[in-house]
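First the structure, which I've put down as structure tokens, then a few questions once you've had a look.
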Amino acid sequence: MRRDLLIAAKKAFLNRYPMGFEDPEMEAIRKKHKHAQMHAFVKSSFEPEAFNDTDSTIENINKTFSRSSMVSVFEKMRYRDFAGTLNASEKAEMAEGLRMMLHEDHEPGFAIFMHVLEKDKMAKWPLMTAIPYYYAPDKEVFIKPTTVKRIINVFELEGLTYSPKPTYGFYTRYKAALTEMRAVAGQDVVWDFAAFSGFLMMSMDLMDDPDIIGFKGATRDKN
């Protein structure tokens, strides 16, 4: 990991937003993404007892994806069509996979949930990670391909090679890398994992500003 660039990223971010995540511009971004509302909805919709009703669980999965600002419009449309094709057995399998991811054993739950989505090539990183992230934003990571690829490249995260096909191994390694980066960055730019990823993206853009001496071009893609 490039600790020097991470420290530079924090400096650039705090130079632009002296109040960090308390800055009014950051507050506007949080409101735009309706993070608090999404967390509250997902937390109440997927508590352990909620999984007693499979149809309700599937409906709440559909609502989460349709309301999420982190899932692209294209993925929302494709998922909506896909959800209409699920039979009772597939719905039960999908609900069980999600229950296990959130409340029991994440890895086999990840595999079960992904198995259902693979039916129509819907096993994409945003759909695999959105609900666990909204449920426990300080413990689980949301994987947006363009963001993740840039973070890996710029900060030279060793042992991480992005693949568009979700794997639990990559998920755990990337989460471990972000956890280490959060420890280096410090509490004033941490909050939860999605906010931390947002901080990294904004600060990488800021480091390319010619007014920030010594870091011009530091974040350009090497490939």
Side-chain angles (χ1 to χ4, degrees), residues 9 13 16-17 19-47 50 56-84 94-95 97-98 101-102 106 110 113-114 116-117 120-152 154 162 164-166 170-171 174-175 178 181-182 185 189-206 219:
F13 180 77
R16 176 64 180 81
Y17 306 104
M19 297 174 64
F21 283 106
E22 298 297 333
D23 191 276
E25 288 189 46
M26 295 295 100
E27 178 64 22
I29 291 173
R30 288 198 299 276
K31 288 182 177 180
K32 176 183 176 181
H33 289 285
K34 300 180 179 179
H35 179 276
Q37 295 94 318
M38 290 299 298
H39 172 61
F41 173 75
V42 169
K43 190 73 174 176
S44 63
S45 297
F46 301 110
E47 288 290 6
S56 178
T57 297
I58 296 300
E59 180 60 26
N60 286 330
I61 292 174
N62 299 346
K63 288 179 180 178
T64 301
F65 291 153
S66 69
R67 296 174 182 177
S68 174
S69 63
M70 302 192 299
V71 177
S72 72
V73 173
F74 176 71
E75 287 174 327
K76 290 177 181 181
M77 293 174 62
R78 283 204 63 209
Y79 179 79
R80 181 191 61 198
D81 294 340
F82 163 79
M94 190 175 195
L98 182 59
M101 274 202 286
L102 300 181
H106 198 143
F110 185 98
F113 196 77
M114 182 171 170
V116 179
L117 290 177
D120 196 25
K121 299 181 180 180
M122 288 299 301
K124 306 297 183 182
W125 277 115
L127 298 183
M128 289 296 303
T129 58
I131 294 176
Y133 163 72
Y134 280 130
Y135 192 87
D138 199 45
K139 295 181 179 179
E140 305 299 340
V141 297
F142 174 74
I143 294 184
K144 180 178 180 180
T146 53
T147 299
V148 170
K149 287 186 286 187
R150 191 177 180 198
I151 289 173
I152 291 172
V154 169
Y162 173 81
K165 181 176 181 179
F170 179 86
Y171 180 81
Y174 182 69
K175 182 165 69 171
L178 279 195
M181 294 176 77
R182 287 176 70 184
V189 293
V190 168
W191 279 40
D192 59 34
F193 275 118
F196 185 63
S197 294
F199 146 71
L200 292 176
M201 290 300 293
M202 287 186 286
S203 59
M204 285 188 291
D205 289 338
L206 290 169
T219 68

For Ser56, the side-chain hydrogen bond (donor to acceptor under 3.5 Å, both in side chains) test, sequence neighbours excluded, returns none

Could you tell me which non-hydrogen atom of Pro132 sits nearest to which non-hydrogen atom of Leu102, and how far apart they are?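 Answer, listing the atom of Pro132 first, then Leu102: CA-CD2, 3.7 Å.
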
Starting from the C-alpha separation in whole Å, work towards a yes-or-no answer on salt bridge (charged side-chain N to carboxylate O under 4.0 Å, His left out) for Lys76 and Asp81.
CA-CA 9 Å; Lys76 290 177 181 181; Asp81 294 340; over 6 Å; no

Answer with yes or no after comparing the ring centroid distance for Phe196 and Phe193 against a 6.0 Å cut-off, counting only values under it.
->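 Not close enough - the centres of the two rings lie 6.0 Å or further apart.
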
For Phe46 and Thr57 the tightest heavy-atom approach is CE2-O, 3.8 Å

Checklist entry - What distance separates Arg150 CZ from Ser197 OG, expressed to the nearest 0.5 Å? => result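 Between atom CZ of Arg150 and atom OG of Ser197 there are 12.5 Å.
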
For Tyr79, the ring-ring contact (aromatic ring centres under 6.0 Å, His included) test, sequence neighbours excluded, returns Phe65, Phe82

Sorted by chain and number, sequence neighbours left out, side-chain hydrogen bond (donor to acceptor under 3.5 Å, both in side chains) with Tyr134 holds for Ser68

- Query: By ring-ring contact (aromatic ring centres under 6.0 Å, His included), which residues pair with His106, not counting sequence neighbours?
  - Reply: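 Counting only residues at least two positions away or on another chain, His106 forms a ring-ring contact (aromatic ring centres under 6.0 Å, His included) with Tyr168, Tyr171.
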
Item checked: Short side-chain to backbone donor-acceptor contact, Arg78 and Asp120, under 3.5 Å ->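 Yes; judged by distance alone, with no hydrogens or angles, the pair exists.
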
By side chain to side chain contact (heavy atoms under 4.5 Å, CB included), Lys144 pairs with (sequence neighbours left out) Phe142, Thr146, Thr147

Sorted by chain and number, sequence neighbours left out, side chain to side chain contact (heavy atoms under 4.5 Å, CB included) with Glu47 holds for Lys43, Glu49, His103, Tyr135

Are any of the side-chain heavy atoms of Pro166 and Met114 separated by less than 4.5 Å?
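With C-beta onward as the side chain, the pair touches.
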
Could you walk me through whether Thr64 and Glu59 pass the side-chain contact (heavy atoms from CB on, under 4.5 Å) test, one step at a time?
-> CA-CA 9 Å; Thr64 301; Glu59 180 60 26; over 6 Å; no

Would you indicate whether the side-chain heavy atoms of Ile131 and Met38 approach each other to under 4.5 Å? no

Sorted by chain and residue number, the side-chain hydrogen bond (donor to acceptor under 3.5 Å, both in side chains) partners of Ser45 (sequence neighbours excluded) come out as none

For Phe113, the ring-ring contact (aromatic ring centres under 6.0 Å, His included) test, sequence neighbours excluded, returns none

| request: Can you sort out the partners of Tyr174 under side-chain hydrogen bond (donor to acceptor under 3.5 Å, both in side chains), two or more places apart, ordered by chain and number? | output: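 By the side-chain hydrogen bond (donor to acceptor under 3.5 Å, both in side chains) rule, Tyr174 matches no residue at all.
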
Q. Can you find a heavy atom in the side chain of Met94 that is under 4.5 Å from one in the side chain of Leu117?
A.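 Yes, close enough: below the 4.5 Å cut-off.
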
Quiz prompt | By side chain to side chain contact (heavy atoms under 4.5 Å, CB included) - contacts of Ala136 (at least two apart) | solution =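 Here the qualifying residues are Lys139, Glu140.
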
Run the side-chain donor-acceptor check on residues 121-130: report pairs under 3.5 Å with partners two or more places apart or on a different chain.
residue : atom : partner : partner atom : Å
Trp125  : NE1  : Ser163  : O            : 2.9
Thr129  : OG1  : Trp125  : O            : 2.8
Thr129  : OG1  : Ile143  : N            : 3.1

Those residues at least two apart in sequence (or on a different chain) that pass salt bridge (charged side-chain N to carboxylate O under 4.0 Å, His left out) with Arg16 are Glu25

- Task: With the side chain counted from C-beta on, respond yes when Val141 and Tyr133 share a heavy-atom pair under 4.5 Å apart, and no when they do not.
- Result: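 In short, these two side chains do not touch, never coming nearer than 4.5 Å.
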
